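Some notes on the structure that comes next.
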Amino acid sequence: MSSADGFGRFFLPGPTEVRPEILHAQIGPMVGHRSPATERTVERLQRGLRPLFGTERPVYIAPSSATGFMEAAVRNGVRRRVLCLVNGAFSERFATIARACGREAEELTVAWGEAHDPARVADALAGGDFDAVTVVHCETSTGVLNPVADIARVAHDAGDVAVLVDAVTSVAGMEFHADDWNLDFVLTGSQKALALPPGLALGVAQPSVLERARANPARGLYFDLLAFERNLEKSQTPTTPAMSLLYALAAQLDAIEEETIAGRAERHRAMARTLYAWVEDVRSRDLAIEILAPAGFRSPTVTCLRPPPGWSGSRVQAALAERGFTVAPGYGRLRDEMFRIGHMGDHTVSELETLLAVLEEVLRR
Ligand SMILES: *Cc1c(COP(=O)(O)O)cnc(C)c1O
């Protein structure tokens, strides 16, 4: 059931619902960003963030939405020519950013709702003269999870190719291993699986990317990863940090450490299983709902569903809104055909069950 404070009714796949305790944690004092107090906060954040990303490297923190670090990935990590793996709206955005930053971008596209096949990625890389690949781990527009570790393996087998990964709706919603998976750059944002207010971009670069940045004097200033690296050596940030959001992040990392990363990942898998079982159940009772992503490639954090005939995504959204619940319509070209449920962040199985019970009532009306 939704708690007394009303938490548990907002299921957008970003921004996600933020617990009142986390919102209140933002009420901390403003302190100088070169002060020992800020350095202690940054040190605390590093301790919590590294295991979440699965890295020994420092985790960069910028006052920006996640798209800012997609641009940082390109400016620092792509020399000249990049293969962009596209299977939805956010992976398409990576190609748009690459071109806007003056890089040559070629798209390898599979249908929205499908995952990328590492063998096809290997074929596309062979002889294509690419120095980087972009991939979105969890395509929030479709609910598809791409096999990033396997994609990274074929990319590195193809030569000096940097693997740049948008992990916006996967980090903090599942176990993530940036180092073991050999991902050269990984980014996320605060307002998705971390369940914080929007406004922070977080990222991890391997030395391979820093080397590329060093060789590129036109990498820009705001997202110069060398500046993030240099400042973090002193537990500082290149420019004024979004202090209030850092306080919220520190509070959330306390909560994550208490739940454990494995426990948080299991809670997300349990929510996903609950949703799949509900779909099976209502389908067996003549409600024609379908999950877009194929089994085996489904995200534990977001699910994109085709509603029964006669329903558009916006109509599902509006009907649930009347009952006080928020879900999203499909994204971009899937807006009318689909609707999406974000089951990530601090939601629980029982809150999701409440939503699904109301959804069934609404759809059978
Ligand atoms: C939400 C999202 C983004 C964009 O995040 P902003 O914070 O709005 O810039 C990028 N990639 C994915 C996969 C997302 O879900």
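Numbering of ligands and ligand atoms starts at 1, following listing order. Bear in mind the structure is a predicted one, so any value in this text is a computation, not a measurement.
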Quiz item: Stepwise, does the salt bridge (charged side-chain N to carboxylate O under 4.0 Å, His left out) test hold for Asp123 with Arg120?
Solution: CA-CA 5 Å; Asp123 287 347; Arg120 285 196 52 206; over 6 Å; no
Exercise. Take Lys234 and Glu39 through the test salt bridge (charged side-chain N to carboxylate O under 4.0 Å, His left out) and record every step on the way to the result.
Key: CA-CA 8 Å; Lys234 305 173 285 183; Glu39 289 168 8; over 6 Å; no
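- Aromatic ring orientation, Phe11 versus Phe325: parallel (interplanar angle below 30°, classes split at 30° and 60°).
- Below 30°, between 30° and 60°, or above 60°: for Tyr331 and Phe90 the angle between ring planes is between 30° and 60°, a tilted geometry.
- The pair Glu266-Arg269 counts as a salt bridge, with a side-chain nitrogen and a carboxylate oxygen less than 4.0 angstrom apart.
- Proximity of Thr142 to Leu334: side-chain heavy atoms (C-beta onward) are separated by under 4.5 Å at one or more points.
- Under 4.0 Å from any atom of ligand 1, one finds heavy atoms of residues Ser65, Ala66, Thr67, Met70, Phe90, Arg93, Val136, Cys138, Thr140, Asp166, Val168, Thr169, Gln191, Lys192.
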